[in-house]
Amino acid sequence: MKKWSIPLLISCLAACGQTTQVATPEPTLPAGISLVETIKAEVGKTTIPYQKFVLDNGLTVILHTDSS
C-alpha cells in the first residue's frame, strides 16, 4: 500500500459516517385532489396506515404503502 492510501481511506470512512438532516417540505397535491384523512400506525394497536384522497370527479382513493 502507498503512504497516502491509508489516510485517504480513513477520511472517506469518516465522511460516510456523517449524516445531515435536510428538512423536506410537505408535498403539495395537484389540482383536483383533496386529502381527506391520514391514519398512522400506533404502537400496541393493530392498524393499517393509509391516506384517503377524494378526486374532483368524486372518486375516493385509499393509498397504503407496504414496505415489507
Item checked: Sequence-distant partners of Ala31, side chain to side chain contact (heavy atoms under 4.5 Å, CB included), two or more places apart -> none
Margin query: Clusters formed by hydrophobic residues whose side-chain heavy atoms approach within less than 4.5 Å: which one holds Ile33, and what are its other members?
Written below: Leu29, Leu35, Phe53, Leu55, Leu59, Val61, Leu63
Item checked: Residues clustering with Tyr50 (ILVMFWY side chains joined when closer than 4.5 Å, directly or via others) -> Ile39, Ile62
Item checked: Exam field: side chain His64 to backbone Pro49, donor-acceptor pair closer than 3.5 Å -> yes
Notebook entry, point to check: Pairs in or reaching into residues 37-50: which pass salt bridge (Lys or Arg N to Asp or Glu O under 4.0 Å), with residues at least two apart or in two chains?
Noted result: Glu37-Lys52, Glu42-Lys45
Next item on the list: Among residues two or more places apart or on two chains, list those pairs meeting salt bridge (Lys or Arg N to Asp or Glu O under 4.0 Å) that have a residue in residues 57-68.
Entry: none
